[in-house]
J.: 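One structure follows; several queries about it will come next.
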Amino acid sequence: MFNRILIANRGEIALRIIRAARELGCETVCVFSEADRDGPWLEQADHTICIGPGPSVDSYLRIDRIISAAETSHAEAIHPGYGFLAENNEFAGVCRDCNIEFIGPSPEAMALLGDKISCKRMAREAGTPVFPGSADAIEDPDEAIEVARSIGFPVIVKASAGGGGRGMRIARTDEELVDGIRTASQEAAAAFGNGAVYVEKFLEHARHIEVQCLGDSHGNSVHLYNRDCTSQRRHQKLIEEGPAPGIKDSIRDAVCVSAADLIRNAKYCGAATVEFLMDREQNFYMLEVNTRVQVEHPVTEAITGVDIVKESILVAAGEHLSVSQGDISITGHAIECRVNAEDPDRNFMPQPGLVEEFMVPGGFGIRVDTHVRSGYRIPPNYDSMIGKLIVHGRDRTEAIAKMQSAIAEFRVGPICTTLSLHRRLLAAKPFIEYDFDIHWVERLLAAPDAESSLLT
Ligand code: ADP
């Protein structure tokens with residue numbers, strides 16, 4: 001096991017990693033920006049090093065500064081958390097060149113799964129269901145039209161190097177398709193230095209279902225079942241739950257096994273999530289693989305009892321996964337609500353500034369992962385998520401009731417948060433009946449007058 005690891009992140013995930021490392025008897029070094037000088041999580045780290053000013057390009061994204069912080073503090077490994085450099089294979093490569101263990105996949109596995117075209121190819125080989133569409137990059141508009149006609153419109157043009165929703169165009173006609181290929185390719189070339197695009201079927205009504213996986217460097221991989229993250233706004237997840245409700249066991253198991261096969265074939269070490277869209281007939285189509293720990297990992301920890309962050313550190317140190325597939329089963333149902341410092345009544349305007357009151361709920365089956373406390377000032381530089389509220393109940397109905405009760409107990413002020421929105425979503429008929437798709441929250445927000453008919 002490592003003696004000391006460096007955490008190249010901030011906020012709740014930095015704290016989550018500190019807790020896991022401490023349990024494993026491992027010291028932590030936290031790098032921080034000047035804007036995070038008073039970050040409460042830093043008090044929990046064994047060592048802290050300032051790596052630059054507030055803007056992340058000058059601090060949390062500075063590979064050179066993070067590596068020199070690791071070298072001067074004698075950290076043997078770096079945990080990237082999520083966001084920032086977590087899916088940057090250049091960073092993983094520099095770590096390796098400097099003899100520092102990157103807690104995550106090899107740069108090769110990250111590149112293979114991070115590129116959408118090569119990931120899709122690997123998925124096909126592993127038997128992971130993918131969207132019908134072009135097998136490779138498309139250059140010739142006539143070829144794209146041929147593919148689109150064979151799978152049927154609407155289709156979506158996607159950039160192989162895409163991320164954050166960039167380089168995507170929906171096309172319903174030949175003309176839109178030709179135009180979409182040109183603009184998506186230009187956008188991707190400018191943003192990612194790679195203009196390769198491909199075409200696949202566009203699903204109008206879909207649920208977002210994802211499979212949590214873990215792999216080690218000895219060729220083992222397991223899945224930890226699935227989560228539903230259908231409640232989103234602008235592609236940002238708001239509520240996640242597990243197991244994904246209403247899916248036939250046989251379908252669920254086949255998809256989960258195929259996801260674990262995919263990451264095993266990629267020689268993947270660490271935590272990975274294979275994301276899918278699912279249509280009304282419960283057909284699954286892979287979206288992408290996230291090659292890092294995700295925000296919503298506590299949902300899976302609650303229902304499986306497996307500590308995903310600890311496992312990721314252990315396998316990076318060369319150990320075997322501590323669980324095999326046969327050991328893993330689901331108990332009850334878990335839900336997570338992301339607490340964002342945003343005002344849902346004013347177009348989700350960010351709410352930086354002083355948090356005067358912050359009192360978290362507690363009790364049986366309640367977990368709050370947060371770096372915030374009363375008196376903390378939220379800096380304007382970063383993501384607005386200030387915490388995650390996770391509940392675990394015997395079944396989904398109990399979990400929803402527990403979440404409503406926990407939200408009622410949660411006190412945050414004077415800043416606004418998304419907790420008020422969560423109350424409404426959890427009480428809405430589409431959520432209760434999981435008769436929803438990835439646009440349902442936006443529909444509800446767009447037509448609040450219709451909301452009463454949506455409420456149970
Ligand atoms: P990115 O890496 O840019 O986030 P993804 O492949 O994860 O791109 O897709 C982002 C979002 O776009 C998905 O969450 C989904 O809402 C939508 N999307 C992507 N592909 C499809 C598709 N084939 N059909 C319907 N929606 C899609």
Side-chain angles (χ1 to χ4, degrees), residues 1 12-13 15-26 79 81-82 103-104 209-216 218 220-229 239-245 247 249 252-253 255-257 259-260 263-264 268-274 290 292-317 319-338 360-370 387-403 406:
M1 180 36 61
E12 72 86 19
I13 194 65
L15 187 55
R16 173 73 187 87
I17 299 163
I18 291 171
R19 287 173 175 151
R22 193 183 270 158
E23 269 187 59
L24 293 169
C26 203
H79 201 308
Y82 51 67
I103 302 179
I209 314 275
E210 59 188 28
V211 180
Q212 176 69 58
C213 297
L214 283 170
D216 66 20
H218 305 280
N220 302 305
S221 72
V222 295
H223 70 78
L224 301 172
Y225 293 94
N226 60 17
R227 297 183 286 257
D228 182 303
C229 314
I239 304 179
E240 301 101 342
E241 60 178 306
I247 298 174
D249 285 358
R252 177 196 69 188
D253 291 350
V255 172
C256 289
V257 167
I263 75 142
R264 185 183 308 112
Y268 192 96
C269 183
T273 299
V274 186
N290 285 158
R292 55 172 163 81
V293 67
Q294 280 186 300
V295 171
E296 58 269 31
H297 74 275
V299 165
T300 301
E301 293 181 331
I303 58 171
T304 62
V306 176
D307 185 321
I308 292 167
V309 178
K310 251 165 51 181
E311 288 294 322
S312 72
I313 299 173
L314 285 166
V315 296
E319 307 227 353
H320 287 80
L321 282 172
S322 76
V323 283
S324 57
Q325 195 64 59
D327 303 330
I328 300 162
S329 59
I330 297 174
T331 308
H333 194 90
I335 305 178
E336 173 181 280
C337 287
R338 296 192 188 195
V360 303
F364 183 39
I366 311 280
R367 166 176 173 182
V368 181
D369 277 19
T370 182
K388 309 183 305 203
L389 171 57
I390 306 106
V391 302
H392 185 208
R394 264 176 312 191
D395 54 30
R396 191 171 188 265
T397 307
E398 187 180 85
I400 292 174
K402 223 180 242 291
M403 183 61 91

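Side chains are part of it too, since the values below use all heavy atoms of this structure and drop only hydrogens, waters and symmetry mates.
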J.: Within a strict 4.5 Å, meaning less than it, do heavy atoms of the S324 and D327 side chains meet?
T.: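 In short, these two side chains touch, coming nearer than 4.5 Å.
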J.: Determine, stepwise, if the pair V315 / L214 fulfils side chain to side chain contact (heavy atoms under 4.5 Å, CB included).
T.: CA-CA 9 Å; V315 296; L214 283 170; over 6 Å; no
J.: I need the I313 CD1 to I308 CD1 distance, nearest 0.5 Å.
T.: 12.5 Å
J.: Which pair of non-hydrogen atoms, one from V323 and one from V222, has the smallest distance, and what is that distance?
T.: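 Reported closest heavy-atom pair: O-CG1, 3.9 Å.
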J.: Once rounded to the nearest 0.5 Å, what's the spacing between atom CZ of R264 and atom CG of D216?
T.: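 Interatomic distance, R264 CZ to D216 CG, rounded to 0.5 Å: 10.0 Å.
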J.: For a 4.5 angstrom cut-off between non-hydrogen side-chain atoms, does I17 reach V293?
T.: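 No, side chains not in contact.
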J.: Please give me the minimum heavy-atom distance between L389 and M403, naming the atom from each residue.
T.: O-CE, 3.3 Å
J.: Do you know which two heavy atoms are closest between A334 and A302, and how far apart they sit?
T.: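 That would be CB-CB, 3.8 Å.
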J.: Considering all heavy atoms of both residues, which atom of V309 and which atom of H79 are nearest to each other, and what is their separation?
T.: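 Minimum heavy-atom separation between V309 and H79: CG1-NE2, 4.3 Å.
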J.: Supply the atom-to-atom distance I328 CD1 to Y225 OH, rounded to the nearest 0.5 angstrom.
T.: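 Answer for the CD1-OH pair, I328 versus Y225, is 7.5 Å.
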J.: Hey, are T273 and E210 close enough side-chain-wise for a donor-acceptor pair under 3.5 Å?
T.: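 There is no such pair (donor and acceptor under 3.5 Å, judged by atom type) between the side chains of E210 and T273.
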J.: Within this structure, what is the CD-CG distance for the pair Q325 and N220, rounded to the nearest 0.5 Å?
T.: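 Atom-to-atom, Q325:CD and N220:CG are 11.0 Å apart.
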J.: Ignoring hydrogens and geometry beyond distance, is a side-chain donor-acceptor pair present between E398 and H333 at under 3.5 Å?
T.: no
J.: How long is the gap from CZ on R338 to SG on C229, to the nearest 0.5 Å?
T.: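 R338 CZ to C229 SG: 7.5 Å, rounded to 0.5 Å.
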J.: Would you please test K388 and E296 for salt bridge (charged side-chain N to carboxylate O under 4.0 Å, His left out) and show each step?
T.: CA-CA 8 Å; K388 309 183 305 203; E296 58 269 31; over 6 Å; no
J.: Could you go through T331 and I303, starting from their C-alpha distance and side-chain angles, then the distance that decides it, and tell me whether this counts as side chain to side chain contact (heavy atoms under 4.5 Å, CB included)?
T.: CA-CA 5 Å; T331 308; I303 58 171; 5.8 Å; no
J.: Which pairs pass salt bridge (Lys or Arg N to Asp or Glu O under 4.0 Å) with one or both residues in residues 361-370, sequence neighbours excluded?
T.: E301-R367, R367-D369
J.: Is there a side chain to side chain contact (heavy atoms under 4.5 Å, CB included) between I209 and R252 once you walk through the steps?
T.: CA-CA 10 Å; I209 314 275; R252 177 196 69 188; over 6 Å; no
J.: Got a second to check how far L24's CG is from E319's CD, nearest 0.5 Å?
T.: 8.5 Å
J.: If you take all heavy atoms of P361 and I366, which pair is closest and at what distance?
T.: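 Scanning both residues, the minimum pair turns out to be O-CG2, 4.0 Å.
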J.: Grab the two heavy atoms, one from T304 and one from L224, that are nearest each other, plus how far apart they are.
T.: CG2-O, 3.9 Å
J.: Let me know which of R16, E240, R292 forms a side-chain hydrogen bond (donor to acceptor under 3.5 Å, both in side chains) with H297.
T.: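 That would be R16; it is the only one of R16, E240, R292 passing the side-chain hydrogen bond (donor to acceptor under 3.5 Å, both in side chains) with H297.
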J.: Are the side chains of V255 and H223 in contact, using a 4.5 Å heavy-atom criterion?
T.: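 The answer is no; the side chains never approach within 4.5 Å.
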J.: Would you sort out whether I239 and I335 count as a side chain to side chain contact (heavy atoms under 4.5 Å, CB included), showing the intermediate values?
T.: CA-CA 7 Å; I239 304 179; I335 305 178; 3.6 Å; yes
